[in-house]
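Values below: every heavy atom of this structure, side chains too, minus hydrogens, waters and symmetry copies. The shown structure was predicted, so the numbers you read here are calculated from the model rather than taken from an experiment.
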Number of protein chains: 2
Amino acid sequence: MKTHDHSKLLSDVSGQMPPDEVLAELSELFSVFGDSTRIKILWALFEREMCVCAIAELLKMTQSAISHQLKLLRHAKLVGSRREGKTIYYFLADDHVRSIIGQGMEHISE
Amino acid sequence: MKTHDHSKLLSDVSGQMPPDEVLAELSELFSVFGDSTRIKILWALFEREMCVCAIAELLKMTQSAISHQLKLLRHAKLVGSRREGKTIYYFLADDHVRSIIGQGMEHISE
DNA sequence: ATAACATATGATCAACTGTTCATATGATAA
DNA sequence: TTATCATATGAACAGTTGATCATATGTTAT
């Protein structure tokens, strides 16, 4: 399968590409946003911090399912948590979450 | 499993949540960004439009694999295409792609 | 110490995803 | 028309993912 020539294009473009490792990390970040349960959790936390069982009640899902997803969100540093007695409150880690989701909303609103 | 009371919180938060349908669409959009092959394709298109076989060469992947991924990107309206003879050129559909990926990059650079 | 509540975790399983392979479509040139 | 290049597509298969279930950990009150 001989194909037409791209040598100039390829050298130009590949010079601008970040290393594979960075692009992999980037796609992993977006895949965390790529699930409706996690998007719902993040959106809920836009309002205020919430404990696990409140999120579970809000989304009508089991505590276990929510806890598993919060673990992913924590590892991606999208949420933080603090303990108060038996309860653990989760909150948005920073404002990138808002701006990323905001841009996503803009895109689908067209 | 009786749990503590959240009635006030739940009514507050659920009033702010977009409908499930919208949140599902949003997560589907982000899942398109959630694959390193697709991220690489989008990043390549930051520079300029490219034909399928150039992208395949750049990423050292088969034409088929790239074509399948471009189909997804097209359906998500992240890229557009134009034909010129036998060749089909793909390009970024709009600037949301840049800003979404830009925000993602900011998040992981911390 | 025991009971009750809040959360976390490991195993399991069905559903989904991305690549490959083979093949089809579409366009151009001979 | 036939050959060739460029791209698209469908089936198949391995790898990944998200919910569930059972159970474990951690905290507080009695």
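- Relative to the ring axis of A/Tyr89, A/Arg83 does not place its NZ or CZ within 45° and under 6.0 Å from the centre.
- A/Glu57 and B/His6 share a side-chain donor-acceptor pair at under 3.5 Å.
- Rounded to whole angstrom, the span from the CG atom of B/Asp5 across to the C1' atom of C/dC5 amounts to 15 Å.
- Pairing each heavy atom of A/Ser14 with each of A/Ser11, the nearest pair is OG-O, 3.5 Å.
- For B/Arg38, the listed nucleotide lying nearest its side chain is C/dG18; candidates were C/dA8, D/dT7, C/dG18.
- Note on B/His4: a side-chain N or O is less than 4.0 Å away from OP1 or OP2 of C/dA6.
- Side-chain atoms of A/Thr87 and base atoms of C/dC5 include no donor and acceptor less than 3.5 Å apart.
- No engagement by B/Ser31 is indicated, since no non-hydrogen atom pair under 4.0 Å with the nucleic acid exists.
- The interatomic distance linking B/Arg83 (CZ) with D/dA6 (P) rounds to 12 Å, in whole Å.
- For A/Lys86 and A/Arg74, each mapped to the nucleotide of DNA chain C holding its nearest heavy atom, the one lying further toward the 5' end belongs to A/Lys86.
- Taking the centre and axis of the six-membered ring of B/Phe46, the NZ or CZ atom of B/Arg98 falls inside the cone set by 45° and 6.0 Å.
- In this model, the phosphate group of D/dA8 is not approached by any side-chain N or O of B/Lys71 to a distance below 4.0 Å at OP1 or OP2.
- If you measure from atom CD of A/Glu57 to atom C1' of C/dC5, you get 14 Å, rounded to the nearest angstrom.
- Put simply, CD1 on A/Ile88 is 4 Å from P on C/dA8, counting in whole angstrom units.
- Side chain of A/Met61, nearest nucleotide from D/dA19, D/dG18, C/dT19: D/dA19.
- Under 4.0 angstrom from either OP1 or OP2 of D/dT20 there lies at least one side-chain N or O belonging to A/Thr62.
- A straight line from CD1 of B/Ile55 to C1' of D/dA8 spans 14 Å, rounded to a whole angstrom.
- Taking the six-membered ring for Trp and thresholds of 30 and 60 degrees, B/Phe30 and A/Phe33 have ring planes inclined between 30 and 60 degrees apart.
- Donor-acceptor pairing under 3.5 Å, judged by distance alone, is present between the side chain of B/Ser64 and the base of D/dT9.
- Positionally, the nearest nucleotide of DNA chain D for B/Cys53 lies more toward the 5' end than for the other of B/His68 and B/Cys53.
- The shortest heavy-atom contact between B/Met17 and A/Ala44 is SD-N, 3.8 Å.
- Atom-to-atom, CG of A/Leu72 to C1' of D/dA19 comes out at 13 Å; the value is rounded to the nearest Å.
- Heavy atoms of B/Tyr90 sit under 4.0 angstrom from primed sugar atoms or phosphate atoms, though from no base atom.
- Residue whose closest nucleotide on DNA chain D sits further toward the 5' end, between B/Ser67 and A/Asp35: B/Ser67.
- Donor-acceptor pairing under 3.5 Å, judged by distance alone, is absent between the side chain of A/Gln63 and the base of C/dA6.
- In this structure, the CD atom of B/Glu28 is 12 Å from the P atom of C/dC16, given to the nearest Å.
- Protein atom OH of A/Tyr89 is 8 Å distant from nucleotide atom P of C/dT7, rounded to whole Å.
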